[in-house]
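Small disclaimer: the values here were computed from a predicted structure and weren't measured.
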Amino acid sequence: MNKRSQIFKVLFSLPLSAGLSACAVNGDGHRQVGGGGGFDVDYEKIREVKQQLSENAEKEAGKATLSKAASIDQKTGTLVIGEVGVLQRLNANPEHKDYDKNYRMLYEQHEKNQREIYNRRPSIDLDEFKSKVTATCSLEVFYIPGVMTKRSSAIVPVELIEQIEFPSFNKSYFLGATGDLVVVKPGIDDIPIIEKVLCKKSSEGFDACKKQYSKGTFDLQTGQELDAEMKPKRDGVRISTRSYQRLE
């Protein structure tokens with residue numbers, strides 16, 4: 001593994017909202033920037049997904065009346081509802097000798113991807129990038145005990161880190177524990193970011209609250225549940241794109 005990926009490698013993929021992996025984890029399960037680093041955003045995959053979602057939107061418009069079709073916003077993207085996993089801090093060790101260099105490498109890769117895929121500059125500069133991209137977490141979006149688990153990942157905004165209840169590394173690793181139910185939407189330059197907490201794990205009403213929502217990946221515009229190919233899921237549910245609650 002080369003130096004750029006020795007400590008941290010992030011692979012965002014919009015279909016799952018994001019996919020993150022790392023090669024170094026400290027004692028409490030938090031991943032951090034230091035001693036190396038790499039940052040790969042799969043914008044090519046994001047562009048493919050946006051194209052598929054645009055095709056979905058065109059089909060939806062074709063079924064609609066002219067007045068309804070005219071009101072359909074062609075913005076494309078996905079939102080993901082899931083239960084958070086372990087919090088992984090990217091800047092857990094700002095005193096590390098390579099901290100600034102590694103963040104600069106992360107940002108330069110981000111800038112390169114934005115330029116080559118979208119022909120645009122990043123919407124934020126390095127300092128803002130360092131202040132906003134500080135932690136990530138996994139999301140459990142589908143779970144059949146002992147059979148299958150589908151996970152996604154997202155940036156955790158600074159203002160929500162202390163508000164969200166995350167499981168410990170040990171409980172997550174050995175018991176499969178999860179935390180709060182949250183919703184993730186495209187954020188900075190299409191990087192998925194947690195928007196809000198839907199249900200608090202520690203609340204006595206957590207199970208009742210969860211019943212109002214469905215975990216999964218949904219079309220940001222229509223609320224339609226999507227399959228692995230980003231096409232409307234057969235027999236999938238539809239959610240409100242405002243409240244995120246399941247529509248009956």
### Task
Verify side chain to side chain contact (heavy atoms under 4.5 Å, CB included) between C137 and V156, making sure each step is shown before the conclusion.
CA-CA 7 Å; C137 74; V156 182; 3.8 Å; yes
### Query
With sequence neighbours excluded, what pairs up with K171 under the salt bridge (charged side-chain N to carboxylate O under 4.0 Å, His left out) test?
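Salt bridge (charged side-chain N to carboxylate O under 4.0 Å, His left out) list for K171, sorted by chain: empty.
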Do [X] and [Y] have side chains that approach each other closer than 4.5 Å (heavy atoms only, starting at C-beta)?
X	Y	result
V182	L160	no
S138	V86	no
P122	Y107	yes

Going by the rule side chain to side chain contact (heavy atoms under 4.5 Å, CB included), which residues pair with [X] if we only count those two or more places apart in sequence or in a different chain?
X	answer
I124	E128, F129, I188
S243	S240, Q245
R121	E111

Can you name the residues that form a side-chain hydrogen bond (donor to acceptor under 3.5 Å, both in side chains) with [X], not counting sequence neighbours?
X	result
S214	R246
Y244	K185, E195
S123	D189
K215	E83, E140

### Query
Counting only heavy atoms not in E159, do more than 12 fall under 6.0 Å of its CD?
yes
### Message
Between K200 and D180, does any NZ, NE, NH1 or NH2 come within less than 4.0 Å of an OD or OE carboxylate oxygen?
### Response
yes
### Query
With a 4.0 Å cut-off, would you call D219 and R238 a salt bridge?
no
### Query
Which pairs count as disulfide (SG to SG under 2.5 Å) when at least one residue sits in residues 217-248, sequence neighbours excluded?
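Listed once each, the pairs would be none.
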#### Entry: Listed once per pair and sorted, the disulfide (SG to SG under 2.5 Å) pairs that draw on residues 174-229, sequence neighbours left out
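Every disulfide (SG to SG under 2.5 Å) pair that includes a residue of residues 174-229, provided the two are not neighbours, is C199-C209.
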### Message
Whether the side chain of E165 engages the backbone of S202 through a donor-acceptor N/O pair (distance < 3.5 Å, no angle test) should be reported.
### Response
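Here the side-chain-to-backbone pair exists.
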### Query
Got a sec, which pairs hit ring-ring contact (aromatic ring centres under 6.0 Å, His included) with one end in residues 170-199, sequence neighbours left out?
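Residue pairs passing ring-ring contact (aromatic ring centres under 6.0 Å, His included), neighbours aside: F169-Y173.
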### Message
Under the rule for ring pair (Phe, Tyr, Trp, His ring centres under 6.0 Å), what residues qualify as partners of F206, not counting sequence neighbours?
### Response
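In terms of ring pair (Phe, Tyr, Trp, His ring centres under 6.0 Å), with neighbours along the sequence ignored, F206 is linked to no residue.
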#### Entry: salt bridge (Lys or Arg N to Asp or Glu O under 4.0 Å) between R234 and D227, intermediate numbers included
CA-CA 8 Å; R234 180 175 297 182; D227 62 20; over 6 Å; no
